[in-house]
Amino acid sequence: MIPIDPPAMTVKDTLTAACRRLQDPVLKKRLLAREADLSAAEKKYTYFAEQGRLYALAIYERDAEKKTPDRDGVDLKTLYSAGLVGRRDGRRKYDELKARAPFGRCLLCGNSEIGSLDHHLPKEALPLYAICPVNLVPARGKCNQTKGDRIGITAGQRTLHPYYDRPGETGRYLVADITGWPVQFHIQALPNWDAELRARVEYHFDTFQLADRYAEFSVSVVTADQWLHRQIRSEGGIPALTHHLCEAAKQHARTHGPNAWDTALRYGLASSDWYLHHGVDEAP
């Protein structure tokens, strides 16, 4: 996951843009009249997310929606696909949200190219949040599909929210062990994590199959760097190569974050006796 700040864009912005070219005047007036309700829902969402209680809100709102469906629920969901994604003014807002992702990377897996916006809380169950910017996360299409419309059976069985969850705030938790090829990625829980956060980080890691995907991504990075690594070792020995790898890891941590998969890879290479002595000569 790539953590970033929540967007400054509001649901008023997306509602106005998505409705601007709506041809049905009655429907347009009815949807625009929901601005106060949508803004109140957005405020509630933000409050619960900042308090780490978004799951409780999601369960409460889902049950309320089942009991008494929102009168405009179907139209709000359609407004996302037809108005925010499909119409020019709404599409500008959609693309602005997508463009916020650093390096154009999916915020859920941390590497692949962005293809869509993921509804962190599913619009099918919670239509009031269908066009709410803080609920829309830039993601690759496959990650969006993999996550699906799940809220979570338990508080621990739900994916991380890139706008509000900060599991790596106090250190590195993504680790790459390199004792041979392929690289083995895993989660190393930090001391300040409670049981719920630990379960969520591991659930996120497993849901998107990140161990296998990061190992696959690593092949091209290692292959591209091995010639240089062999040259450094040949000229300065293992201490010189270790220093180079450590500096590369620190630099990458500064630009991409300490828990980016390619940062973890570089730290793993720097601390791997196997790579320093043997793996640098073996194709991954």
Side-chain angles (χ1 to χ4, degrees), residues 6-49 54-55 57-101 106-108 113-152 158-159 161-164:
M9 188 186 302
T10 67
V11 73
K12 179 181 178 180
D13 298 327
T14 53
L15 176 65
T16 302
C19 287
R20 185 162 293 137
R21 296 176 186 272
L22 190 56
Q23 297 300 308
D24 185 337
V26 176
L27 177 60
K28 181 176 182 178
K29 182 177 180 180
R30 179 156 51 83
L31 290 175
L32 287 173
R34 297 299 304 275
E35 180 190 318
D37 296 333
L38 295 176
S39 295
E42 178 181 56
K43 184 176 180 180
K44 188 189 303 183
Y45 184 108
T46 301
Y47 173 79
F48 276 81
L54 196 55
Y55 180 73
L57 174 66
I59 296 300
Y60 176 83
E61 297 281 11
R62 180 198 63 188
D63 293 344
E65 178 67 18
K66 284 181 179 179
K67 185 177 180 180
T68 309
D70 188 283
R71 65 185 184 275
D72 296 314
V74 173
D75 290 321
L76 286 170
K77 288 182 284 187
T78 301
L79 187 63
Y80 171 79
S81 56
L84 198 63
V85 179
R87 282 190 284 271
R88 186 173 64 188
D89 297 286
R91 185 71 191 201
R92 289 196 187 102
K93 298 299 181 184
Y94 182 90
D95 289 340
E96 281 180 34
L97 290 170
K98 286 175 60 180
R100 297 183 68 247
C106 168
L107 300 190
L108 299 180
E113 183 178 347
I114 294 163
S116 62
L117 294 177
D118 170 66
H119 288 81
H120 184 76
L121 297 184
K123 67 179 185 296
E124 293 302 319
L126 301 165
L128 271 181
Y129 304 114
I131 61 169
C132 185
V134 291
N135 191 48
L136 301 176
V137 177
R140 76 167 183 144
K142 181 68 173 179
C143 288
N144 194 345
Q145 294 169 9
T146 298
K147 179 175 168 290
D149 291 334
R150 290 171 285 189
I151 290 177
R158 57 195 177 104
T159 56
H161 196 320
Y163 298 156
Y164 297 103

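Keep in mind the model is a prediction, meaning the values are calculated, not measured.
With 3.5 Å as the limit, one finds a donor-acceptor pair spanning the side chains of T10 and D13.
L76 approaches I131 most closely through the heavy-atom pair O-CG2, 4.4 Å. Across every non-hydrogen atom of L117 and N144, the tightest pair is O-ND2, 3.2 Å. A pairwise comparison of heavy atoms in C143 and C106 identifies SG-SG, 3.9 Å as the closest pair. A101 and P138 get closest at one heavy-atom pair: CB-CB, 4.0 Å. The shortest non-hydrogen separation linking G152 to Y55 is O-OH, 2.9 Å. The nearest pair of heavy atoms linking G83 to R87 is CA-NH2, 3.4 Å.
The side-chain heavy atoms of R100 and P7, taken from C-beta on, include a pair separated by under 4.5 Å. Within the 4.5 Å cutoff, side-chain heavy atoms of L79 are placed close to those of L15. The side-chain heavy atoms of R88 and R20, taken from C-beta on, include no pair separated by under 4.5 Å. Inter-residue side-chain proximity for E113 and R140 is flagged as unmet; no heavy-atom pair is nearer than 4.5 Å. The shortest distance between side-chain heavy atoms of Y94 and Y80 falls below 4.5 Å. Put simply, the side chain of L108 reaches to within 4.5 Å of the side chain of V137, judged on heavy atoms.
Aromatic ring pairs are classed by plane angle as parallel below 30°, tilted from 30° to 60° and perpendicular above 60°; the pair H161 and Y163 is tilted.
At least one donor-acceptor pair under 3.5 Å links the side chain of Q23 to the backbone N or O of R21. Although no hydrogens or angles enter the test, the distance criterion places a donor-acceptor pair under 3.5 Å between the side chain of T14 and the main chain of V11.
For the atom pair OG1 of T159 and NZ of K147, the computed distance is 4.5 Å after rounding to the nearest 0.5 Å. The distance from atom CG of L27 to atom NZ of K29, rounded to the nearest 0.5 Å, is 12.5 Å. Atoms CG and CG, on N135 and L126 in that order, are 8.0 Å from each other to the nearest 0.5 Å. Note that the CG atom of L121 and the CD1 atom of I59 stand 9.5 Å from one another [nearest 0.5 Å]. H119 NE2 to L136 CG: the interatomic distance, rounded to the nearest 0.5 Å, is 5.0 Å. A distance of 12.5 Å separates OG in S116 from NZ in K142, rounded to the nearest 0.5 Å.
One finds a salt bridge joining R34 and D70 here, because a Lys/Arg side-chain nitrogen approaches an Asp/Glu carboxylate oxygen to under 4.0 Å. Salt-bridge check for E42 with K12: failed, with every basic side-chain N at 4.0 Å or more from each acidic carboxylate O. A salt bridge links R91 with D95; the closest basic N to acidic carboxylate O contact falls under 4.0 Å.
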side-chain contact (heavy atoms from CB on, under 4.5 Å) between R30 and D75, worked out: CA-CA 10 Å; R30 179 156 51 83; D75 290 321; 3.3 Å; yes
Residues R158, R150; criterion side-chain contact (heavy atoms from CB on, under 4.5 Å); working and verdict: CA-CA 8 Å; R158 57 195 177 104; R150 290 171 285 189; over 6 Å; no
Salt bridge (charged side-chain N to carboxylate O under 4.0 Å, His left out) assessment of K123 paired with D149: CA-CA 8 Å; K123 67 179 185 296; D149 291 334; 5.9 Å; no
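Other residues, nucleotides and ligands contribute over 12 non-hydrogen atoms within 6.0 Å of the NZ atom of K77. Taking a 6.0 Å sphere around CD of E124, one finds it holds more than 12 heavy atoms contributed by other residues, nucleotides or ligands.
Under the 6.0 Å cut-off for aromatic ring centres, H120 and Y129 do not qualify, their centroids lying 6.0 Å or more apart.
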